[in-house]
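So the structure is just underneath, and the comments pick up after that.
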Amino acid sequence: MNITYADTIPNNVDLGSDKVLQRALEHWQPEFRKWWAEMGPEGSHSADVYLRTAVNVHPSGWAHYAYVKMPEYRWGIFLSPTDGNRQINFGDHRGEPAWQEVPGEHRANLRRIIVTQGDTEPASVEQQRHLGLTCPSLYDLRNLFQVNVEEGRHLWAMVYLLHRYFGRDGREEAEALLHRRSGDLDNPRILGAFNEKTPDWLAFFMFTYFTDRDGKFQLLALAESGFEPLARTTRFMLMEEAHHMYVGESGVARIIQRTCEVMANHKTDDPSRLRELGVIDLPTVQRYLNFHFSVTIDLFGADVSSNAATFYSSGLKGRYEETKYDDDHLLRDATYPILKVIDGRIAAGEAPALNALNERLRDDYIKDSISGVGRWNREIQKAGIPFLLTVPHKAFNRKIGPLAGIKLSPDGRIISEAQWAANQREWLATDEDRAFVASLMGRVNVPGAYANWISPPALAINKQPANFEFVRFN
Ligand code: BYC
C-alpha cells in the first residue's frame with residue numbers, strides 16, 4: 001500500500017525520510033482505519049464535520065478548521081518545538097542532557113508508561129461511540145467528534161513513539177492498542193475508568209470534565225520527562241486536551257443553566273416534577289459527579305507506589321510543574337502527607353515523598369477540578385437556587401489503594417457496609433437515574449436547535465454562530 005506521508009499524515013518528525021518508521025506505519029495505519037470503522041463513532045462515517053485539524057505546530061497551524069469526513073481525518077504526528085538544550089530536571093539524572101533515544105536501563109518502564117497513556121485514547125473513543133446517535137444539537141455532535149478524532153491523534157502520538165523508539169516490541173504494543181476493547185471482560189483496557197460505560201451526554205460531559213482532566217495532569221507530569229520525544233509530544237497533546245475539558249465544563253454548565261431556568265419558571269425543586277418537565281434535577285447531577293470524580297481519582301494509582309518512585313528517580317515522569325518547586329528535585333529525604341486507614345478509621349499520615357508521587361498528583365488534580373465545580377455553583381446561585389454541588393471526599397468510593405478498604409459517605413464519615421448499602425442510591429447514579437437521563441436523549445440534528453434539557457452555548461466554535469451547520473449528513 002502506498003502512503004503519501006506528507007499529505008495524509010501531517011507531521012514535523014520528518015516522516016518522509018524514515019524508511020523503518022514508514023514500514024511500521026504501513027502495517028499499523030490500515031489496522032487503525034479498520035479499528036476506527038469498527039469502534040469509532042457510530043453512524044458517522046459519511047458526515048461532513050466542521051473539525052479542526054492540526055497541520056503544523058505553529059500558532060496558525062495547530063487549529064485549522066474545515067469540513068472533513070472523519071475516516072479521512074488527517075491524524076498527524078507533532079512534537080512541540082525544542083531548542084535542543086533541554087536538561088533532565090529531576091531524579092538521579094538531574095542536570096544531564098535530556099535523552100533523545102531510549103536509555104536501555106529504563107526501556108521497560110518507559111514503554112509501560114507510553115502504552116498505558118496510549119491505551120486510554122482509543123478506550124475513550126470506544127466508550128463514546130454511541131453518543132452521536134443521541135446528540136442534543138449539531139454543535140454538541142461536532143464537539144463530540146472533535147474530541148474523538150483528537151483522541152485518535154493522541155493514540156497516533158503514542159504509537160509514533162512506540163514505532164520510532166522501541167523496535168519490535170514497540171510494534172507489538174502498538175498493535176495491542178487496537179485489540180484491547182473498553183469493557184471487554186477478556187481483553188479490557190488497562191485502567192479502570194476506561195472500562196466504564198459513557199452511555200449518555202451527562203456522563204460524556206462529566207467524563208470530559210473529570211477524566212480528560214486526569215489526562216491533563218498525567219500529560220503535564222510526562223511533559224517533564226527526561227525522554228525528550230515523550231515530553232515534546234505530550235506538550236502538544238495538552239493544547240488539544242484543553243478543548244476537551246472545556247466541552248465538559250461548559251456542557252455540565254449548560255445542563256445546570258437549563259434545569260435552573262425550569263426550576264425558576266415553575267417554582268419547584270421537586271426532582272420528580274423536574275423530570276416530568278424534561279430536565280435533569282440537580283441531585284442527579286450530583287450523583288453523576290460523585291461517580292465520575294471517584295472513578296477518575298483512582299486513575300492516579302495507589303497512594304504509596306514504588307512504581308511512581310522509580311518513574312521519578314529514573315527521570316521518566318516528573319511532578320506537575322516540576323521546575324517551579326524550590327527543592328532538591330530528588331526527594332530522597334522528604335515526606336508527603338497521605339491518608340492512612342488505621343483500625344477502620346482514617347488518620348493523617350506521612351509517606352516518603354518519592355513513593356507518594358501519585359498522591360501528590362491526585363491532590364493537584366483535585367484542586368484543579370474543584371474550581372470548575374465552583375463555577376457550576378455560580379450558575380445555580382445566579383438563578384437564586386439554594387443548592388450546592390460538592391466534590392466528594394477523597395476516600396469516597398475508591399477502588400484503588402488502601403482507601404478502597406473502607407466505606408465512606410461523600411462528606412467523609414466512615415460508615416458500615418449496611419449504611420453504605422442503604423445510602424448508596426443517594427450518592428451514586430442509580431440505574432433509575434441512568435434510565436431517566438437516557439429517556440431524555442434523542443437526536444437533535446437541525447442547525448440552531450437544542451434539546452430541551454440543555455441550554456445553547458454562549459459561544460459556539462471558531463466564532464461561528466450557534467445555528468451554524470456544524471455537521472452535514474450525506
Ligand atoms: N485501574 O503502583 P501503582 C488520558 C495498577 S488519562 C486499573 O499505584 P502506578 C485520557 C497499576 O497499573 C491519563 N489498574 O501504579 C483521558 C499497577 O499495576 P501492576 C492516562 C490500576 O504504576 C480521557 C498496580 O495497579 N495516562 O490521557 O504508580 C480521555 C499498582 O498501582 C489503576 C496515564 O495514566 C487503575 N485506575 O500508577 C482520553 C499516564 N491504577 O504493575 C485520555 C501513564 C493503578 O501491579 N500511567 N493500577 O500490574 C502512569 O503513570 C501509571 O501507570 C498510573 C498508575 C499513574 C496509571
Side-chain angles (χ1 to χ4, degrees), residues 90-91 109 112-113 116 190-193 196 210-211 213-214 216-218 220-221 286 289-314 316-322 325-371 373 390-424 426-428:
F90 59 93
N109 278 334
R112 176 194 159 119
I113 291 175
T116 308
I190 296 171
L191 298 174
E196 299 287 346
F210 286 111
T211 309
R213 191 171 307 272
D214 171 45
K216 167 182 164 181
F217 277 83
Q218 296 293 349
L220 279 165
Q286 177 70 64
L289 186 162
N290 290 349
F291 172 77
H292 286 273
F293 178 81
S294 55
V295 164
T296 301
I297 61 174
D298 267 341
L299 288 174
F300 290 83
D303 319 21
V304 176
S305 159
S306 57
N307 289 339
T310 306
F311 295 166
Y312 186 83
S313 294
S314 48
L316 304 181
K317 183 179 175 189
R319 284 172 291 180
Y320 166 56
E321 299 191 323
E322 179 68 43
Y325 280 96
D326 185 18
D327 61 15
D328 66 0
H329 301 271
L330 298 171
L331 304 180
R332 287 181 196 134
D333 305 315
T335 57
Y336 187 82
I338 56 157
L339 296 180
K340 286 193 162 154
V341 181
I342 302 172
D343 297 334
R345 300 187 168 281
I346 295 185
E350 294 216 313
L354 258 186
N355 295 74
L357 286 163
N358 288 344
E359 189 66 2
R360 184 192 293 262
L361 195 60
R362 180 169 20 248
D363 289 340
D364 292 330
Y365 166 89
I366 290 174
K367 267 186 235 138
D368 198 59
S369 31
I370 285 176
S371 58
V373 177
T390 52
V391 162
H393 190 280
K394 190 159 67 163
F396 171 74
N397 192 38
R398 293 290 299 281
K399 304 279 187 283
I400 299 280
L403 298 176
I406 48 164
K407 290 279 182 267
L408 208 82
S409 62
D411 60 1
R413 281 170 295 122
I414 303 254
I415 52 171
S416 65
E417 288 283 347
Q419 283 170 313
W420 173 265
N423 289 291
Q424 199 196 119
E426 303 293 320
W427 298 333
L428 289 169

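In this text the structure is predicted, and so the values were computed from the model without any measurement.
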Does N355 reach the main-chain N or O of A309 with its side chain, forming a donor-acceptor pair under 3.5 Å? no
Heavy-atom side-chain contact between N307 and R112 under 4.5 Å: yes
Side-chain heavy-atom pair I346, H393 within 4.5 angstrom cut-off: yes
Taking side chain as C-beta onward, heavy atoms only, is N397 less than 4.5 Å from W420? yes
Can you check whether N423 reaches I415 side chain to side chain, under 4.5 Å on heavy atoms? no
Side chain to side chain contact (heavy atoms under 4.5 Å, CB included) partner of R360, the single match among Y365, Y336, Y320: Y336
Considering all heavy atoms, the nearest I414-R345 contact: CD1-CA, 4.0 Å
To the nearest 0.5 Å, what is the distance between CZ on R362 and CG on D298? 7.0 Å
Can you tell me how far OG of S416 sits from CD1 of I406, rounded to the nearest 0.5 angstrom? 13.0 Å
Is R319 positioned over the aromatic face of Y325, cation under 6.0 angstrom from the ring centre and no more than 45 degrees off axis? yes
Minimal heavy-atom distance between F396 and L408, with the atoms involved, is CD1-O, 3.2 Å
side-chain contact (heavy atoms from CB on, under 4.5 Å), that's the test. Do R398 and I297 meet it? Break it down for me. CA-CA 8 Å; R398 293 290 299 281; I297 61 174; 3.8 Å; yes
For the student: nearest non-hydrogen atoms of L289 and V391, plus distance: CD2-CA, 4.2 Å
Using modelled atom types and a 3.5 Å cut-off, is there a donor and acceptor pairing between side-chain atoms of Y312 and backbone atoms of H329? yes
Heavy-atom nearest pair, A404 first then K399, reads CB-C, 3.5 Å
Using 0.5 Å steps for rounding, measure from the CZ atom of F210 to the CG atom of D368. 11.0 Å
Is there a donor-acceptor contact under 3.5 Å from the side chain of Q424 to the main chain of A421? no
From OG1 (T211) to CG (L191), nearest 0.5 Å: 11.0 Å
I366 vs I370, test: side-chain contact (heavy atoms from CB on, under 4.5 Å). Steps then yes/no. CA-CA 6 Å; I366 290 174; I370 285 176; 3.8 Å; yes
What I'd like to find out is whether the side chain of V341 reaches to under 4.5 Å of the side chain of L403, using heavy atoms alone. yes
Begin with the C-alpha distance, continue with both residues' side-chain angles, and end with the deciding distance and a verdict on side-chain contact (heavy atoms from CB on, under 4.5 Å) for K317 and N109. CA-CA 10 Å; K317 183 179 175 189; N109 278 334; over 6 Å; no
For a quick test of reading the model, state the closest non-hydrogen atom pair linking A351 to V304 and the distance between them. CB-CG2, 3.9 Å
Point-to-point distance, once rounded to the nearest 0.5 Å, from CG of D327 to CG of D333: 11.0 Å
Between CD on residue Q286 and CH2 on residue W427, distance to nearest 0.5 Å: 12.5 Å
Answer yes or no: is there a donor N or O on one side and an acceptor on the other, between the side chain of S294 and the main chain of F291, under 3.5 Å? yes
Closest non-hydrogen atoms of G91 and L330, given as atom of the first, atom of the second and distance, are O-CD2, 3.2 Å
